[in-house]
2 protein chains.
Amino acid sequence: MPEPAKHPAPDTGKPDKKKRAPRRPRWKQNPDAVQRDILINAISEFADRGLSGARVDAIAARTQTSKRMIYYYFGDKNGLYARALEAAYAEVRKGEEGLNLDHLPAAEALAKLAEFTFDHHRANPDFIRMVMIENIHNAEFVGASDMIRALNGAAIDQLTEICRRGAQDGSLRADLDPMQLHWQISAFSFFNVSNRPTFSALFGAALFTPETQVALRDDLVRMLVEAARRPAGTDGTGGK
Amino acid sequence: MPEPAKHPAPDTGKPDKKKRAPRRPRWKQNPDAVQRDILINAISEFADRGLSGARVDAIAARTQTSKRMIYYYFGDKNGLYARALEAAYAEVRKGEEGLNLDHLPAAEALAKLAEFTFDHHRANPDFIRMVMIENIHNAEFVGASDMIRALNGAAIDQLTEICRRGAQDGSLRADLDPMQLHWQISAFSFFNVSNRPTFSALFGAALFTPETQVALRDDLVRMLVEAARRPAGTDGTGGK
DNA sequence: GTCTTTTTGTACCATTTGGTTAATTTGGTC
DNA sequence: GACCAAATTAACCAAATGGTACAAAAAGAC
């Protein structure tokens, strides 16, 4: 990770306050690193304070660069937010790549996907908060991003494939709706992170200890997979 | 609902712009109605735009009264927000009163409670959005309100009672945790409203037609109640 | 009625905040 | 090494915004 280029030397010449010869410190160009620096810190600030609550000056202060550069590269606050949102999606997406479900029996693939989603959401609270903020703003920016739509389309495709295999070999109900499944998995996994503050404030932190979280997750996955199997004990495939 | 008291007559005297004798229109005092007017519109504005995004001037413009009165009654923006949050909780709470679960078998009571929660959340999007905003702000204000804590304690008590009865007559598993049940019911019901914007933007509105919502709800309630029953088909109580 | 307290409207202010102007340096090219 | 576009810094600005000062009008006490 290349440093965002700053302060190579505090300027050897005298300060010289006069308008002539302001004698600024030397610096190196590094547009990519500067933009990444800005985006990373923008995500933090937006996730912390929301779109309206975030301050451009605060983002600038977090970075190694200046406010002017934010406007130089991203136009305005909303432009920065839109790019930060996409960056957050992309970042989270990277973490999903390792998951390989194709070789697993459908029911197990479903269980593994749900389990992974729960853990992954939990590990990326800033991303969750960005999505919360988007929802407060009626998904104005998510809707405008082709990239984000493509990313989520892939998630549905994954589930569609699982459903197809499950229906084919009879391990899962044939009338499952991939979108509804996605909705259910997301609901648990998302809520667990998004509403942790109010839930903790009202009922204490008991549900959020590592052990309880695992128990909660496993209960939910079991419940979900059970519901996705054939109605009664018709079959038995997929039982580990 | 008493009108918030305003403009009973547009002032009979001449306008008279001079500093002397401004000659304002007559008005009647109605502190309660004015405060309610402010709170209702504050909830709308905060729910629409978030705590930082909401503008005190915009709230004032929504009311029949003036910005000055907001500060007179609520001190500052945060004070108004805190009161609006409490008012939103209280308002939603009122809608929960009719629910009478004590005379139902435990499993049915659980089903009815879950079903009701789903519908009730769906019918109160502004309340959900206030809670979302609170979560963005780390539940700072929820945590500070005894009233809100009390309200939610009651929700847990309700579930505790159901669990007790269910364990006693064997219709529900004995190891159920009321708080976890509350978490599960809330997760579905809350997410369904809170994340509707992004979900719609990404996957279309199919999941949010009235019919699909009912189907979604019933699936979830069935799933949840099924998981809360005794492990296998041990018993059979509660089957309608 | 008169005096005090509460409630309301108008105009205003200080600060914050998103955004900009203009100068300066870098790094490459001819 | 002169020249130029892209990158960067520093200082600045106008508008928006939370909050107030002040005076006037109704209500309430006596």
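So you know, we letter chains A, B, ... as the sequences are listed, proteins then strands, and number each from 1. Heavy atoms only: backbone and side chains are in, while hydrogens, waters and symmetry mates are out.
- As rounded to whole Å, 14 Å separates atom C1' of dT17(C) from atom CG of Leu51(A).
- Which of dT8(C), dG19(C), dT9(D) sits closest to the side chain of Lys77(A) comes down to dG19(C).
- Across the protein-nucleic acid pair, Phe46(A) atom CZ and dG18(C) atom P stand 9 Å apart, rounded to whole Å.
- In this structure, of dT8(C), dG18(C), dT8(D), it is dG18(C) that holds the atom nearest to the side chain of Arg55(A).
- In terms of phosphate contacts, Thr65(A) brings a side-chain nitrogen or oxygen within less than 4.0 Å of OP1 or OP2 of dT9(D).
- In this structure, the side chain to side chain contact (heavy atoms under 4.5 Å, CB included) partners of Phe127(A), at least two apart in sequence or on a different chain, are Ala88(A), Tyr89(A), Val92(A), Asn124(A), Val131(A).
- Residue Asp57(B) contributes atom CG, which lies 11 Å from atom P of dG19(D) at whole-angstrom precision.
- Nucleic acid contact for Ala54(B): sugar-phosphate only, since backbone atoms but no base atoms lie under 4.0 Å from a heavy atom of the residue.
- Side-chain atoms of Ile70(A) and Asp76(A), non-hydrogen and from C-beta on, never get closer than 4.5 Å to each other.
- Applying the 4.0 Å criterion to OP1 and OP2 of dG9(C), one finds that Ser66(B) has a side-chain N or O inside that range.
- Each of Gln213(B), Arg217(B), Arg122(B) was compared with Asn192(B) under the side chain to side chain donor-acceptor pair (under 3.5 Å) criterion, and only Gln213(B) meets it.
- Distance, Leu80(A) CG to dG19(C) P: 10 Å, rounded to whole Å.
- Taking the side chain of Lys67(A) as heavy atoms from C-beta on, and the options dG9(C), dG19(C), dT9(D), the nearest nucleotide is dG19(C).
- Contacts of Phe74(B) with the nucleic acid, taken as non-hydrogen atoms under 4.0 Å apart, are absent.
- Relative to the side chain of Arg68(A), the nucleotides dA10(D), dA21(D), dG18(D) differ in distance, and dA10(D) lies closest.
- The side chain of Tyr72(B) contributes no N or O atom lying less than 4.0 Å from OP1 or OP2 of dT20(D).
- The interatomic distance linking Tyr71(A) (OH) with dT21(C) (P) rounds to 13 Å, in whole Å.
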